[in-house]
Protein chains: 2
Amino acid sequence: MSDVTIKDIARMAGVSHTTVSRALNDSPLINPETKERIKSIAGSLNYTPNYSAKSLVLDRSYNLGLFFTTLHQGTSSGFLYAALRGVNDVIKDGYNLIVRGIDDYKSFHHVNRKSFDGIIVMSQSAADQPFIEYASQRSIPLIVLNRQIEMEGVWNLIPDDQSGAYRMTEYLLQCGHRRIAIIEGKRGFKSSHARKEGYLEALRSAGIEPEEELFIRGEYDFESGYRAMMRILELAARPSAVFCSSDDMALGAVKAAAERGLRVPDDISVAGFDDTLYSAFITPALTTVRRPIEEMSRAGAERLVALIEKRHVEDHNRMFRTELVIRDSVKSLLEGDE
Amino acid sequence: MSDVTIKDIARMAGVSHTTVSRALNDSPLINPETKERIKSIAGSLNYTPNYSAKSLVLDRSYNLGLFFTTLHQGTSSGFLYAALRGVNDVIKDGYNLIVRGIDDYKSFHHVNRKSFDGIIVMSQSAADQPFIEYASQRSIPLIVLNRQIEMEGVWNLIPDDQSGAYRMTEYLLQCGHRRIAIIEGKRGFKSSHARKEGYLEALRSAGIEPEEELFIRGEYDFESGYRAMMRILELAARPSAVFCSSDDMALGAVKAAAERGLRVPDDISVAGFDDTLYSAFITPALTTVRRPIEEMSRAGAERLVALIEKRHVEDHNRMFRTELVIRDSVKSLLEGDE
DNA sequence: CTGAGGATTGTTAACGTGTGCATAACATGA
DNA sequence: TCATGTTATGCACACGTTAACAATCCTCAG
């Protein structure tokens, strides 16, 4: 069962296996009638092509890789999910989607042209650099998402984190907040840097000098947000708002505030970044910045397939607009506000 | 570059390509010295075997499939993440892990022995049945996780949902609750049924007759939990506790309560099921039941690899113990309780 | 000196598919 | 009638690897 080959079909149809191969691949060379006959025989035998054999002769693996920096530390489940959905939506049949964490590799030996027709790297850290260079050197079609990269021939799609952070900070300022703390993301992540830059930029263009005391380092996860908020609440001069570089940290911050008897947003405002799935459903619903992970992944997958199949693509590199999502966790300090 | 084959190595080493093949596969047939020589040449040439060719002759694809019921509706990101991590931790090198939603297939044509050495189905619905039968008929090594299945030759690992729900309900009863509502899971999911059974069983063995009025249908997601809770709060005789069949629904329930001016757990108790990642960090921290998804997935992957490599395995089928996680969302109604 | 047998290596075919080139049948036009 | 072109098909090989079988060399007992 299921071990039918084109030779079996050829025997039954009274033709050579070459003709069968051509017929099943819709070659214009062969007679429409025989083509139909062969296809119907193939159908009735429940023929499935042997992809290993195809791979060998066509030099294509039919595998696409979706690589994350890590599947263990720092990758949030919502992030993974959005990326997977975006890519998966595009590739459908015809390709296998292989998911892996880069840090799972002891060596990159298994990463080569024969094993991957193309690779999407959802890059969250500069630690991915060696992997990206390795893949690039082996001339594997390559798309890097989420983190800015400067390499010739590598296509790059990234969210505009900095302007997202800028707009969030601007919004907090518009609400009348003047002393705004930031809980920063993981050290070494470019996204941490971009978000802080946006924050600083907004403060400065409002004529406010940033205070070092209000910069607290976090790790992007719940616990670190909790701990960071505890430190903020111990400050002699407490800020009126806290901008968290991730929603996960914002959740931790809200919890810390609650434990200290403070209500969000009445006693202190908290803003997040990411718009994870549950951010809308917790109490208070989180004011945050949406990163279009799924759209970015979809666009990445489309570009990768186009690249592999040598179709033309307009913009190799693109920035995806982040979006301010206003909910209930930030309070306006201005009088007469609705 | 990277197009070195064993024939190239053979030429350089002055031997036949067969010898090279044997050397690289550590065959005992060949001289240790030539073996070393060949290996070092292979290393210096940066040789990587062509897996398509290996696949063809060895009749193995080196692909493992991890299939979810859907990647779109009802699968929570935490669930996906835990499963992926569990499986990924085990297989490491040697296999490609291919992730897909069953409902992405228009036909199962691409699912066959040649394309998959083995398959893990993380089954969340009876709708998976045709897929499972298809794979089983094609005699693909197959492990079904999470949902009970009765098929000869198909290995099955499931969480003990019923006893988890039983223990949770028992705990609510011990806390003095007598009228306990249940927000049920998605219709047709076996897990929904098992959780309700555990709930009913616990009530009955405490001598309490379940009330139909307190059974509210949900869909496992945030919104449906929110809606279900709204209906519960409109009941003339309001229950003192609500057992939600998922944490996502419990979050929705907490939000609904808050909007109606009720505090959890002071005014009403809420219990969840799943122990998703953020359950510990929201306010109030959720009392829930932990399903060992990651452990189950790990065990499933181990069994699958053993099955493929024809190694012996003790227990083909197993139930994984769920665990009561007591946090802050359930209040004891008994006096003198701490 | 000879034959047996172990150790090591080589020859050749096979896996299932696609493709360059040859071939055959037939039509066309001068 | 013959040269030429068009259409449909087959032959033979290639892809990179493994494996059954054959071959060679060497050692050692009789």
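Computed from heavy atoms alone, side chains included, the values below leave out hydrogens, waters and symmetry copies. The sequence lines fix the lettering, A, B, ..., with proteins before strands; numbering per chain opens at 1.
- Across its full length, the helix from C/dC1-D/dG30 to C/dA30-D/dT1 shows an angle of 60° between the axes of its 5 terminal pairs at either end, rounded to 10 degrees.
- The aromatic ring centres of B/Y105 and B/H110 sit 6.0 Å or more apart.
- For the pair B/R303 and B/D315, the minimum side-chain heavy-atom distance is below 4.5 Å.
- Residues B/V313 and B/W155 have side chains in contact (heavy-atom distance under 4.5 Å, counting atoms from C-beta outward).
- For A/I38 and C/dT17, the CD1 to P distance is 13 Å, given to the nearest whole Å.
- Whole-Å rounding puts the A/I30 CD1 to C/dT19 C1' distance at 15 Å.
- Cation-pi geometry between B/R318 and B/F320 is satisfied (NZ or CZ under 6.0 Å from the ring centre, within 45° of the ring normal).
- Under the 4.5 Å side-chain criterion, counting only non-hydrogen atoms from C-beta, A/N46 is not in contact with A/V4.
- If you take NZ of A/K35 and P of D/dA8, they are 10 Å apart, rounded to a whole angstrom.
- When side chains are defined from C-beta on, A/D117 does not count as touching A/N63, because their heavy atoms never get closer than 4.5 Å.
- Applying the side-chain hydrogen bond (donor to acceptor under 3.5 Å, both in side chains) test between B/S123 and each of B/N146, B/D128, B/T69 identifies B/D128 as the sole match.
- Whole-Å rounding puts the A/L29 CG to C/dA24 P distance at 18 Å.
- In this entry the distance linking CZ of A/R11 with P of D/dG10 reads 14 Å, nearest Å.
- Phosphate contact (OP1/OP2 of D/dG10, side-chain N/O of A/T19, threshold under 4.0 Å): present.
- When distances run from any side-chain atom of B/N31 to the nucleotides C/dG16, C/dT8, D/dG10, the shortest one goes to C/dT8.
- Within the 4.0 angstrom heavy-atom criterion, no nucleotide atom of any strand lies near B/S52.
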Any N/O pairs under 3.5 Å between the protein and nucleotides 17-19 of chain D? List them or say none.
from, atom 1, to, atom 2, distance (Å)
D/dT17, OP1, B/Y47, OH, 2.4
D/dT17, OP1, B/N50, N, 3.3
D/dT17, OP2, B/I6, N, 2.8
D/dT18, OP1, B/N25, ND2, 3.0
D/dT18, OP1, B/K54, NZ, 3.3
D/dT18, OP2, B/S21, OG, 2.4
D/dT18, O4, B/H17, NE2, 2.9
D/dA19, N6, B/T18, OG1, 2.9

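- Per the geometry, CG belonging to A/D59 stands 13 Å off C1' belonging to D/dA14, to the nearest Å.
- Between B/T19 and B/S16, the side chains place a donor N or O and an acceptor N or O closer than 3.5 Å (distance only, hydrogens not considered).
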Please list, pair by pair, any protein nitrogen or oxygen found under 3.5 Å from a nitrogen or oxygen in nucleotides 23-26 of chain D.
none

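- Close placement of the A/F116 and A/F67 rings is indicated, their centers lying within 6.0 Å of each other.
- Protein atom CD of A/E33 is 15 Å distant from nucleotide atom P of D/dT7, rounded to whole Å.
- Rounded to whole angstrom, the span from the CG atom of B/D3 across to the P atom of D/dC15 amounts to 11 Å.
- A/Y81 has its ring centre no less than 6.0 Å from the ring centre of B/F79.
- Remark: A/K114 engages B/D3 in a salt bridge, criterion side-chain N to carboxylate O under 4.0 Å.
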